[in-house]
Amino acid sequence: MPFWHAQLAAWKEAWQVKNLPALPRVELTPPDQKGTLTLNIFPLLRAYRGDVQAATQAVLQPLPHILQAEVVKGFVNIRFAPAFWGEFLREALLQPQEGYTRLSLAKADKLMIEFPSPNTNKPLHLGHLRNICLGECVSRLWERIGATVVRANLVNDRGIHISKSMLGWKKFFAPATPATTGKKGDHFVGDCYVAFEKAYKEEVEALKAQGLSEEEAMVQAPLFQEAQALLQAWEAGDPEVLALWREMNSWVYAGFDQTFARLGIRFDKVYYESETYGLGKKIVEEGLARGIFYRSADGAVWADLTDEGLGKKILLRRDGTSVYVTQDLGTAELKFQDHPDLTQSVYVIGNEQDHHMRVLIALLRRLGKPYADKIYHLSYGMVELPTGRMKTREGTVVDADDLLGEMHARAYELITEPLPEEEKQAIAEAVGQAALRYYLLRVEPTKNIVFDPAESIDMKGFTGPFLQYGYVRAKRLLEKAAEKGYAPLQGELPVQLESLEESVLQYLYALPHFMEVAARSFNPALLAHYGYELTRRYNEFYQTLSVLGSEAPIRSFRLGLSAVYAAAIQAVMEALTLPVPERM
RNA sequence: GGCCCCGUAGCUCAACCGGAUAGAGCACGGGAUUUCUAAUCCCGCGGUUGCAGGUUCGAGUCCUGCCGGGGUCGCCA
């Protein structure tokens with residue numbers, strides 16, 4: 001409901017006093033109709049026996065400053081008088097932080113938001129960037145509406161894939177290091193992993209040529225056997241294996257930290273699966289003892305979830321080592337040990353793991369964990385190439401660092417303002433990232449994104465730089481006004497407003513609504529579209545009407561409008577994780 | 001085969017609890033700058049919302065079936 005929240009509360013109250021059957025829906029009036037807000041009174045007509053006049057009057061009575069109300073079918077379109085907008089702009093300007101762009105709606109909520117949880121055997125790619133943008137954006141949105149947020153990263157630092165990169169290093173790279181090769185640590189380790197996969201594939205092909213099936217070949221290949229032995233040695237605590245593991249991880253972390261820093265994200269808490277899988281195993285043992293799980297003849301431990309349509313799930317291999325879900329059980333428990341007062345535990349994970357997450361929640365429910373129902377899987381679609389999925393082994397992965405560099409270079413080319421080199425670099429970084437991040441956030445999380453490396457990400461139109469540009473122009477306008485001694489919202493208000501002004505005001509007014517809905521629905525795309533539409537309207541206003549050149553009361557009002565626009569779009573960009581440049 | 005997600009203009013996406021004539025960007029064609037940054041603005045072109053039923057004052061939205069794409073379904077994470 002796009003009523004600025006404080007006013008909405010008063011209005012709702014007035015309604016409850018009347019004891020009417022239903023509140024009318026409040027919507028933004030569509031652009032082709034005259035008005036700012038529309039009250040949809042269709043649902044009320046029954047109570048008023050089809051008397052549109054009576055229903056309209058009842059609805060309008062508690063609202064202040066109505067200039068005009070037009071009834072079209074079941075819709076009551078309201079326009080507000082300049083006095084209303086003057087009040088609104090003043091309040092928004094007085095408290096751009098607490099009252100307008102930051103809300104106190106979710107003070108009781110405390111969320112842990114887990115992202116991006118990378119594996120430590122390859123560098124970050126475009127899929128991780130989508131994950132990071134979503135996770136950080138959702139975190140900021142909830143903070144904006146008043147909640148406490150704990151950002152958590154879960155590092156998948158153990159498992160067969162790690163053994164593979166370790167073997168890859170031993171066989172093909174040792175004793176080289178990132179330091180000796182000058183390569184970024186995560187990329188270096190990624191190369192080790194790819195080298196392993198290549199050699200492994202060759203072994204599998206050779207075995208298949210000898211008549212083995214694909215499945216047999218994959219298990220019997222010497223490199224795979226070696227990797228498994230390495231994993232067992234790791235779980236047994238072999239000091240030599242652990243030392244190499246630690247060293248290679250430190251290379252990867254140094255690389256990740258560099259990319260995280262460039263993206264401006266940090267975590268309140270980092271979990272390592274190497275530290276949580278033990279707890280996971282313990283939970284499985286307990287479940288086994290309580291008869292919730294069972295042991296098969298070969299010694300593996302299972303959960304039977306067939307009655308929930310989730311099939312059977314292995315929890316411990318026959319050699320006793322843990323699998324993915326085992327460590328996730330431990331991590332889930334640990335999160336609530338660390339923060340017992342969490343109201344929600346959010347996992348930002350791709351939709352390829354929808355099934356896995358359902359299994360995890362089902363297992364926790366069976367174990368009687370009260371937090372099982374506080375888990376929310378923020379599932380998002382894949383970032384695909386026109387040719388299909390990105391695949392490490394085929395070298396079609398779009399590397400995060402490469403893409404950031406490319407965006408920076410392209411943004412740099414577009415800078416026309418004469419500015420010092422250092423500032424140009426900073427702007428290029430801000431604009432490049434905004435284009436990339438907006439591109440990833442403007443699509444609803446559930447949908448797949450097709451990224452075509454041949455067609456670069458746009459900087460014009462429905463893009464991040466579009467929002468930045470609107471902001472920069474508004475700020476420069478305000479600066480120039482200040483130089484001339486013009487102040488916003490001084491003296492009298494204009495007698496009547498231009499429709500282009502009302503168009504901007506309508507959207508400014510709706511900011512808190514969009515902020516709240518985007519947060520609660522975990523859907524940044526809503527705010528991305530809001531920010532675009534708001535800026536589109538402001539640009540139209542800016543392009544068509546003069547601010548500095550207009551008469552005093554109008555100028556002052558338009559400056560107020562511009563100041564609130566700047567505050568609003570800044571808040572939107574911050575929530576969407578877009579950098580906010582002052583020039584471009 | 002079972003389950004999950006997706007299907008809207010040539011392409012990329014919207015449509016807030018079911019609401020008014022389904023809207024933007026890109027691309028394409030035309031136009032706007034003696035005035036606040038042209039990464040902007042204006043005009044034009046572009047639709048059987050995958051198909052068929054159902055629910056109701058009203059369906060892109062909800063329900064059923066089908067078609068197409070993707071994901072996933074006991075020992076990768």
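Hydrogens, waters and symmetry mates play no part in the numbers below; they use all other heavy atoms, side chains included. Lettering of chains follows the sequences in order, A, B, ..., and the numbering in each one begins at 1.
If you check distances only, the side chain of A:Glu352 never reaches the base of B:U72 with a donor-acceptor pair under 3.5 Å. Between the side chain of A:Asn40 and the base of B:G19 there is at least one donor-acceptor pair of N/O atoms closer than 3.5 Å. The base of B:A39 is not paired with the side chain of A:Asp458 by any donor and acceptor separated by under 3.5 Å. The base of B:A20 sits within donor-acceptor range of the side chain of A:Thr38, with an N or O pair under 3.5 Å. Taking 3.5 Å as the limit, the base of B:C13 and the side chain of A:His529 contain no donor-acceptor pair of atoms between them.
The listed nucleotides are B:C73, B:C42, B:A24; the one nearest the side chain of A:His355 is B:C73. Comparing B:G7, B:U12, B:A38 against the side chain of A:Gln543 picks out B:A38 as the nearest. With B:G70, B:A39, B:A77 as the choices, the nucleotide that has an atom nearest any side-chain atom of A:His161 turns out to be B:A77. You'll find that the side chain of A:Gln33 is closest to B:A20, out of B:A20, B:A39, B:C36. Considering only side-chain atoms of A:Tyr542, the nucleotide from B:U37, B:A20, B:U40 that sits closest is B:U37. Checking B:C41, B:U37, B:C75 against the side-chain heavy atoms of A:Arg473 singles out B:U37 as nearest. Nearest to the side chain of A:Glu417, among B:U37, B:A39, B:C4, sits B:U37. Among B:A39, B:G19, B:C42, the nucleotide with an atom closest to any side-chain atom of A:Glu540 is B:C42. Closest to the A:Trp302 side chain, of the nucleotides B:A39, B:C4, B:G74, is B:G74.
A sub-4.0 Å separation between OP1 or OP2 of B:U37 and a side-chain N or O of A:Lys475 is absent. The side chain of A:Arg389 contributes an N or O atom lying less than 4.0 Å from OP1 or OP2 of B:U72. OP1 and OP2 of B:C36 both lie 4.0 Å or more from every side-chain N or O belonging to A:Lys484. Close to B:C41, at under 4.0 Å from its OP1 or OP2, lies a side-chain N or O of A:Asn539. Residue A:Lys312 has no polar side-chain atom (N or O) positioned under 4.0 Å from OP1 or OP2 of B:C75. Contact annotation: A:Arg536 side-chain N/O to B:A14 OP1/OP2 distance is not under 4.0 Å. Contact annotation: A:Tyr324 does not reach the phosphate of B:A77 (side-chain N/O to OP1 or OP2, under 4.0 Å).
Under the 30°/60° scheme for interplanar angles, the aromatic rings of A:His356 and A:Tyr324 are found to lie parallel.
Classification of A:Arg476 and A:Glu479 as a salt-bridged pair holds, one side-chain N sitting under 4.0 Å from a carboxylate O. A salt bridge is absent between A:Asp458 and A:Arg442; no separation between the charged side-chain nitrogens and carboxylate oxygens falls under 4.0 Å. With salt bridges taken as basic N to acidic carboxylate O contacts below 4.0 Å, none links A:Glu197 and A:Lys122.
B:C17 has its base syn relative to the sugar, with a glycosidic angle deviating from 0 by at most 90°. With a glycosidic angle further than 90° from 0, B:G10 counts as anti.
Annotation: A:Phe462 is in aromatic contact with A:Tyr438 [ring centroid separation under 6.0 Å].
Secondary-structure stems of RNA chain B, taken as three or more successive Watson-Crick or G-U wobble pairs (i with j, i+1 with j-1) under a 3.5 Å distance threshold, comprise B:1-7 with B:67-73, B:10-13 with B:23-26, B:28-32 with B:40-44, B:50-54 with B:62-66.
Of the two residues near RNA chain B, A:Asn523 and A:Asp157, the one whose nearest nucleotide lies more 5' is A:Asn523. Both A:Gln327 and A:Thr29 lie near RNA chain B, and the one whose nearest nucleotide falls closer to the 5' end is A:Thr29.
A distance of about 37 Å separates the C1' atoms of B:G69 and B:C57, rounded to the whole Å. Between the P atoms of B:A52 and B:C42, the separation comes to 37 Å (whole Å). Annotation: B:G53 and B:C16 have their P atoms spaced 25 Å apart (nearest Å).
A donor-acceptor pair shorter than 3.5 Å can be found between the side chains of A:Tyr538 and A:Ser562.
Annotation: cation-pi pair A:Arg130/A:Tyr380 absent, no NZ/CZ under 6.0 Å from the ring centroid and within 45° of its normal.
Stacking between A:Phe462 and B:A24 is absent: the ring centroid is not both under 5.5 Å from the six-membered base ring centre and under 30° in plane angle.
The side chain to side chain contact (heavy atoms under 4.5 Å, CB included) test with A:Leu329 singles out one residue from A:Leu279, A:Thr276, A:Leu363, and that residue is A:Leu363.
Regarding A:Asn448, its CG atom lies at a distance of 9 Å from the P atom of B:G71, rounded to whole Å.
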